[in-house]
Q: 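First, the structure itself, so that you have it in front of you.
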Amino acid sequence: MKASQLPLFTLKEDPREAQVDSHRLLLRAGYIRRQASGFYTFLPFGYLVYRKIEQIVREEMDAHGAVEVHLPVLTPAELWRESGRWDIMGEEMMRLKDRHGHEFALGPTHEEAMTALAREFLQSYKQLPINLYQIGTKYRDEIRPRYGLIRCREFVMKDAYSFHLTEESLHETYELMRRAYRRIFERCGLETIAVEADTGNMGGSASEEFIVASSIGEETLLLCPNTDCGFRANQEKTTFVPLIPYEVGQREERAKIPTPNQKTVEEVAAFLKKDRRSFMKAVVYETEDEIILCFIPGDREISETKVKNLSSGKSLRLASEEAIWALCGAPPGYVGPVGLRFGDRESMVISPNDQKKKIAKVLFDENLRGRHGLISGANEGGYHYVGLSYGRDFHFDKGYDLVEAQEHDLCPRCRTSKLKATRGIEVGHIFKLGRKYSEAMGLRVLDEKGLPVVPTMGCYGIGLGRTMQTIVEQNHDERGIVWPESVSPFRYYLISLAKNSEEEQKVLSLYQMLQKRGVSCYFDDRQERAGVKFHDADLTGFPYQIIAGRSFFEKGELEIKVRKTGEKKMALPEEIY
RNA sequence: CGGGAUGUAGCGCAGCGGUAGCGCACCUGCUUUGGGAGCAGGGGGUCGUUGGUUCAAAUCCAAUCAUCCCGACCA
């Protein structure tokens, strides 16, 4: 392709909107352009790269036994109501009505739609297992779109859904997909780390994320440096194990201490000159039908993800001040385990200002078990208790893991090494979904005995646009992008330094000869000075540059420059492939 | 949704009460031609939108929309 047909859209100056290198370079080198916050146009080069990635994904999915289909972007509300997610998905899901008033979602994911498709044609166990995938546009109304293609509101995802009679069969496909993903990212020139992940509101048992280590990543991973152990997980998923176990402490008298205007653990600890480790921190959440009071060690932060997994799964948020008053009879900051009007054990129904009656739950972190001398709110404004004892002032049967694990905590697997933290971009995710959707949507097949069974499911996603930008994030220098050959729009960037029409004709012949031989080459035939072409060639980042200059016109020799290393060598036209 | 910032030519920005500017890009001509050329000439903006203050508003005030950054984490 020639520049006169397929123009460059390069910019001389950095666009103001871009904050990170990969985003800046994709804009500047003319690969993408923003249309609205979180919505991007793919320009010619960008679309070429995108399609190369798509093709890699397609080839590997096909090679690993999956079948491609294509579903509508709009999914009817009824499907989401069947699974119960119409209400759960919240504002992240974009919705609209047609002229008849029928409700639709712009699909953020397609579990429901694919399960609905499967139940239409799956009747017998003989049809299983089957793995259906599509490459299609998704919509998520992100709170805050960021970093170009990394987090946007319209994006292309490859999503696959597999259906199985047995756990073993699901496991086989899960492993197959794991292998396919390794191949896909490898072919894209990305080094991924596979980590255990939280299953989120998707439901299901096992789940693994494919992460590319990067400082702009929005995921935090915790890794065990002990190679024999090899533990790697998403921070959200990591079980908290303190490096130094919490001391049991001495049993002592309970005392109520005035702590006026001291609300946070930090404030009260400073005020009483006590260590934060001896505090029992209370955090209150509510959902549509629950109020959840959590107690955790005072020196740590709570993991909202972990609490969410222990709740009804609906929209979890910090409780309102009214709800805290209704629950504890005290303002925020003074909540504690003693004197809760419903006791300190299990659940009962209360009625906060929020119209509805809600179930009250109390969750204790396991690290509070059996401890004495703890400090917590007195459930009375302006007072805290010191000297709280397990068994006397609070107790619990089941303790939970509620604390967010951090770097330098103990590895929960080998329990010998300190965890290390890394930031990363999630480019792929594989799940064992289980029967959540097949069950809810009435998917059944007959087994060998002719009895109906509900198939179990797996689900496997890759963000294509995000993958594309991640490749740039990992492959660039101060001059521009350095594409891996597998996804570069073209293999060669041909720069003509012709000074007259005779020389121009020579370069054009060269280009036509390369075309004829099927060499992937972009010909910059613009009437520009050499420097401009060199800069654009480096910026757009194809793996090799062919420079037709003096040596070509005099001796027929071309200069080949390797973009990545800057290394140059001479070659004859026939030697270029 | 809370806090901060910014909207002026295609892009990057200055101007902050008195005729709308600069650099790059674009068009024409001449010279130049191996790392973002020089000279000369030229085209292009209802200053995000709406309302207000004023003799006079890009400039002051208000509202609104859009974009970017930080937060939405925890009493």
Side-chain angles (χ1 to χ4, degrees), chain A residues 7-20 23-24 27-28 30 33-39 90-91 141-148 220 235-236 259 261-269 279-286 292-308 316-321 323-325 327-328 330-336 365 376-377 379 381 384 402-404 406 479-480 495-500 503-504 524 526-539 545 547-553 558-559 561 566 568:
Chain A
L8 290 147
F9 291 86
T10 50
L11 305 171
K12 265 196 179 171
E13 282 170 281
D14 283 338
R16 206 170 43 151
E17 67 191 80
Q19 304 299 317
V20 298
H23 187 199
R24 202 191 76 224
L27 289 165
R28 247 195 89 174
R33 189 154 294 182
R34 200 193 72 226
Q35 185 184 60
S37 175
F39 292 90
E91 295 197 303
D141 198 357
E142 295 290 347
I143 295 177
R144 192 174 149 204
R146 240 204 270 230
Y147 302 151
T220 302
Q235 180 177 36
E236 294 177 341
T259 50
N261 298 318
Q262 313 293 317
K263 293 186 171 185
T264 67
V265 168
E266 203 162 61
E267 288 166 357
V268 180
F279 277 73
M280 208 171 143
K281 178 160 152 181
V283 187
V284 189
Y285 286 99
E286 64 183 317
I292 304 169
L293 169 53
C294 306
F295 288 106
I296 60 167
D299 61 326
R300 300 302 299 238
E301 301 300 333
I302 199 161
S303 161
E304 201 160 298
T305 308
K306 290 176 181 176
V307 176
K308 198 177 229 164
L316 185 81
R317 58 187 186 276
L318 282 176
S320 66
E321 197 165 330
I324 293 172
W325 271 102
L327 184 78
C328 309
Y334 296 98
V335 174
D365 187 88
S376 194
N379 289 325
H384 279 77
L402 301 175
V403 169
E404 181 162 270
Q406 287 175 358
R479 292 175 167 277
I495 296 172
S496 164
L497 301 180
K499 291 191 188 70
N500 53 51
E503 290 178 349
E504 268 169 25
D524 188 349
R526 291 177 300 173
Q527 295 297 312
E528 287 286 356
R529 313 191 89 233
V532 174
K533 297 183 186 181
F534 285 129
H535 275 270
D536 276 343
D538 288 344
L539 179 61
Q545 294 163 17
I547 301 150
R550 198 169 295 129
S551 60
F552 177 62
F553 304 122
L558 294 160
E559 215 171 301
K561 185 180 145 189
K568 286 180 184 171

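Every chain is numbered from 1, with letters handed out A, B, ... down the list of sequences.
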Q: For B/rC24, what is the paired nucleotide under Watson-Crick or G-U wobble rules, both distances under 3.5 Å?
A: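 Result: B/rG10.
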Q: Counting just side-chain N and O atoms, does A/Lys12 come under 4.0 Å of either OP1 or OP2 of B/rA25?
A: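 Yes, because at least one side-chain N or O of A/Lys12 sits under 4.0 Å from OP1 or OP2 of B/rA25.
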Q: Using a heavy-atom cut-off of 4.0 Å across all strands, would you classify A/Leu11 as base, sugar-phosphate, or nothing?
A: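 A/Leu11: no heavy atom of the nucleic acid under 4.0 Å.
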Q: Reckon A/Asp14 touches a base, only the sugar-phosphate, or nothing at all at heavy-atom distances under 4.0 Å?
A: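 Contact class for A/Asp14: sugar-phosphate only.
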Q: Quick one: closest heavy-atom pair of A/Ser37 and A/Pro145, and the distance?
A: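 Where A/Ser37 meets A/Pro145 most closely, the heavy atoms are OG-CG, 3.6 Å.
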Q: Using atom C1' in both nucleotides, what's the gap between B/rA63 and B/rG71 to the nearest angstrom?
A: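 That atom pair is separated by 25 Å.
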Q: Across all strands, who's sitting opposite B/rG44 as a Watson-Crick or G-U wobble pair, both distances under 3.5 Å?
A: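 Partner of B/rG44: none.
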Q: If I pick the C1' atom on B/rU50 and the same atom on B/rA9, what distance separates them, to the nearest angstrom?
A: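 Taking atom C1' in both B/rA9 and B/rU50, they lie 23 Å apart.
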Q: Which pair of heavy atoms, one from A/Leu27 and one from A/Arg33, lies closest together, and at what distance?
A: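 Scanning both residues completely, I find the closest heavy atoms to be CD2-CA, 4.0 Å.
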Q: Between B/rG35, B/rU33, B/rC73, spot the one nearest the side chain of A/Phe534, thanks.
A: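 Per side-chain heavy atoms of A/Phe534, the pick is B/rG35.
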Q: Between B/rC24 and B/rG36, how many Å separate the two P atoms, rounded to a whole number?
A: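 Here B/rC24 and B/rG36 have their P atoms 14 Å from each other.
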Q: To the side chain of A/Glu13, which of B/rA37, B/rG34, B/rC11 is closest?
A: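 Nearest nucleotide to the side chain: B/rC11.
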Q: Return the 5'-most residue of the pair A/Val284, A/Pro15 with respect to RNA chain B, ranking by each residue's nearest nucleotide.
A: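 Result of the comparison: A/Pro15.
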Q: CD of A/Gln527 versus P of B/rG36: gap in Å, rounded?
A: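 My rounded result for the distance is 18 Å.
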Q: Indicate, with a heavy-atom threshold strictly under 4.0 Å, whether A/Ile143 touches base, sugar-phosphate, or nothing.
A: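 If one applies the 4.0 Å heavy-atom cut-off, A/Ile143 turns out to touch a base.
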Q: How long is the line joining NE2 of A/His23 and P of B/rU67, in whole Å?
A: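 Interatomic distance, NE2 of A/His23 to P of B/rU67: 13 Å.
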Q: Testing the basics here: between A/Arg28 and A/Pro15, what is the closest heavy-atom pair and its distance to 0.1 Å?
A: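 Taking every non-hydrogen atom into account, CG-CD, 3.8 Å.
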Q: Of the nucleotides B/rC74, B/rG34, B/rG36, which one has an atom closest to the side chain of A/Asp536?
A: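 Out of B/rC74, B/rG34, B/rG36, the nucleotide with an atom closest to A/Asp536's side chain is B/rG36.
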Q: Is the shortest distance from a Lys or Arg side-chain nitrogen in A/Asp365 or A/Arg300 to a carboxylate oxygen in the other one below 4.0 Å?
A: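 Salt bridge absent between A/Asp365 and A/Arg300.
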Q: Find the distance A/Phe39:CZ to B/rA66:C1' and express it as a whole number of Å.
A: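 Between C1' of B/rA66 and CZ of A/Phe39: 14 Å.
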Q: Within a strict 4.5 Å, meaning less than it, do heavy atoms of the A/Lys12 and A/His535 side chains meet?
A: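 The answer is no; the side chains never approach within 4.5 Å.
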Q: Are any non-hydrogen side-chain atoms of A/Glu304 and A/Tyr285 less than 4.5 angstrom apart?
A: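 Yes - at least one pair of side-chain heavy atoms lies under 4.5 Å apart.
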Q: Could you give the distance separating B/rC73 and B/rA5 at their C1' atoms, to the nearest angstrom?
A: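 Result for the C1' pair: 24 Å, nearest Å.
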Q: Please report the distance separating the P of B/rA25 from the corresponding atom of B/rC39, rounded so that it comes out in whole Å.
A: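 My reading of the P atoms in B/rA25 and B/rC39 gives 12 Å.
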Q: Between B/rC74, B/rC68, B/rG35, spot the one nearest the side chain of A/Arg479, thanks.
A: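 Shortest atom-to-atom distance from the side chain points to B/rG35.
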Q: Among the candidates B/rG36, B/rC73, B/rG34, find the nucleotide nearest to the side-chain atoms of A/His535.
A: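 Closest nucleotide to the A/His535 side chain: B/rG36.
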Q: Base, sugar-phosphate or nothing for A/Lys281? Non-hydrogen atoms, less than 4.0 Å.
A: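 Sugar-phosphate, backbone atoms only, no base.
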Q: Counting heavy atoms from C-beta on, name the nucleotide in B/rC68, B/rG34, B/rC74 closest to the side chain of A/Gln19.
A: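 Of the options given, the side chain of A/Gln19 lies nearest B/rC68.
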Q: Rounded to the nearest Å, what distance is computed from the CZ atom of residue A/Arg550 to the P atom of nucleotide B/rG34?
A: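 These atoms are roughly 7 Å apart.
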Q: Considering residues at least two apart in sequence or located in another chain, which fulfil the side-chain contact (heavy atoms from CB on, under 4.5 Å) criterion with A/Arg479?
A: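 Testing A/Arg479 for side-chain contact (heavy atoms from CB on, under 4.5 Å), a comparison that skips the adjacent residues, returns A/Asp477, A/Asp538, A/Arg563.
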Q: For a 4.5 angstrom cut-off between non-hydrogen side-chain atoms, does A/Glu528 reach A/Asp536?
A: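 Side-chain contact under 4.5 Å: no.
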Q: Would one find a side-chain N or O of A/Arg529 under 4.0 angstrom from OP1 or OP2 of B/rG36?
A: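 No, no such contact exists.
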Q: If you restrict it to nitrogen or oxygen atoms, what contacts under 3.5 Å exist between nucleotides 2-10 of chain B and the protein, and what is each distance?
A:
residue: B/rU6; atom: O2'; partner: A/Arg16; partner atom: NH1; Å: 2.9

Q: In terms of side-chain heavy atoms of A/Glu528, which of B/rG34, B/rC26, B/rG36 is nearest?
A: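 The answer is B/rC26, which lies nearest to the side chain.
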Q: Can any side-chain N or O of A/Lys533 pair as donor or acceptor with the backbone N or O of A/Arg526 at less than 3.5 Å?
A: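 Yes, because the side chain of A/Lys533 sits within donor-acceptor range (under 3.5 Å) of the backbone of A/Arg526.
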Q: Take atom C1' in B/rG7 and the same atom in B/rA40, then report the distance between them in whole Å.
A: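 Comparing C1' positions in B/rG7 and B/rA40 gives a spacing of 35 Å.
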Q: Please state whether the base of B/rG35 and the side chain of A/Asp538 form at least one donor-acceptor pair under 3.5 Å?
A: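 By the distance-only test, yes, there is a pair.
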Q: Confirm from the modelled atom types if A/Lys499 and B/rG34 form a donor-acceptor pair under 3.5 Å, side chain to base only.
A: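 Answer no: no donor N or O sits under 3.5 Å from an acceptor.
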Q: Roughly, in whole Å, what's the span from CG in A/Leu27 to P in B/rG12?
A: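 Atom-to-atom, A/Leu27 to B/rG12, this comes out as 10 Å.
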Q: Between A/Leu8 (CG) and B/rG36 (C1'), how many Å, whole number?
A: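 Roughly 13 Å, once rounded to whole Å.
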Q: Rounding to the closest angstrom, what is the interatomic distance between B/rC13 and B/rU19 at atom C1'?
A: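 Their C1' atoms lie roughly 22 Å apart.
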Q: Hunt down the Watson-Crick or G-U wobble partner of B/rA5, both distances under 3.5 Å, from any strand shown, or write none.
A: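 Its partner is B/rU67 (Watson-Crick or G-U wobble, both distances under 3.5 Å).
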Q: Which is true for A/Tyr334 with a 4.0 Å heavy-atom rule: it touches a base, it touches only sugar-phosphate, or it touches nothing?
A: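 Touches nothing.
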Q: Counting only Watson-Crick pairs (N1-N3 plus N6-O4 or O6-N4) and G-U wobbles (N1-O2, O6-N3), all under 3.5 Å, who is the partner of B/rC39?
A: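 Per the H-bond distance test, B/rG29.
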Q: Determine, for A/Glu301 against A/Lys281, whether the closest basic-nitrogen to carboxylate-oxygen distance falls under 4.0 angstrom.
A: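 Answer for the salt bridge query: yes.
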Q: Indicate yes or no: at least one non-hydrogen side-chain atom of A/Tyr334 is less than 4.5 angstrom from one of A/Asn379.
A: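 Not touching, per the 4.5 Å side-chain cut-off.
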Q: Check the phosphate of B/rA66 against A/Ser37, side-chain N and O only, distance under 4.0 Å to OP1 or OP2. Yes or no?
A: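 The answer is no; no side-chain N or O of A/Ser37 sits under 4.0 Å from OP1 or OP2.
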Q: Can you check the A/Phe553 CZ to B/rG34 P distance for me, whole Å?
A: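 To the nearest whole Å, that distance equals 12 Å.
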Q: Need one value for A/Arg28: base, sugar-phosphate or nothing, where a base atom within 4.0 Å counts as base even if backbone is also close, heavy atoms only.
A: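 The residue A/Arg28 makes base contact.
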Q: Among B/rC69, B/rU67, B/rC74, which nucleotide sits nearest the side chain of A/Arg34?
A: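 The listed nucleotide nearest to A/Arg34's side chain is B/rU67.
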Q: Would you kindly compare A/Val265 and A/Arg526 by the position of their nearest RNA chain B nucleotide and give the one closer to the 5′ end?
A: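 By nearest-heavy-atom nucleotide position, the 5'-most residue is A/Arg526.
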Q: Would you mind checking if A/Glu559 and A/Lys568 are paired as a salt bridge, meaning a charged N to carboxylate O distance below 4.0 Å?
A: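 Counted as a salt bridge, because a side-chain N and a carboxylate O are separated by less than 4.0 Å.
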Q: Regarding A/Ile547, tell me which of base, sugar-phosphate or nothing describes its non-hydrogen contacts under 4.0 Å with the strands shown.
A: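 Base, at least one base heavy atom under 4.0 Å.
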Q: Applying a 4.0 Å non-hydrogen cut-off, can you work out what A/Val335 is touching in the nucleic acid: base, sugar-phosphate, or nothing?
A: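 No contact at all - A/Val335 keeps every heavy atom at 4.0 Å or more from the nucleic acid.
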Q: Which nucleotide, B/rC74, B/rG34, B/rC68, lies nearest any side-chain atom of A/Lys568?
A: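 Nearest nucleotide to the side chain: B/rG34.
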Q: Using the P atoms only, state how far B/rC68 lies from B/rC11, rounded to an integer number of Å.
A: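 Per the computed distance, 15 Å lies between those P atoms.
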Q: Expressed as a whole number of angstroms, how long is the span from A/Glu267:CD to B/rC74:C1'?
A: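 To the nearest whole Å, that distance equals 13 Å.
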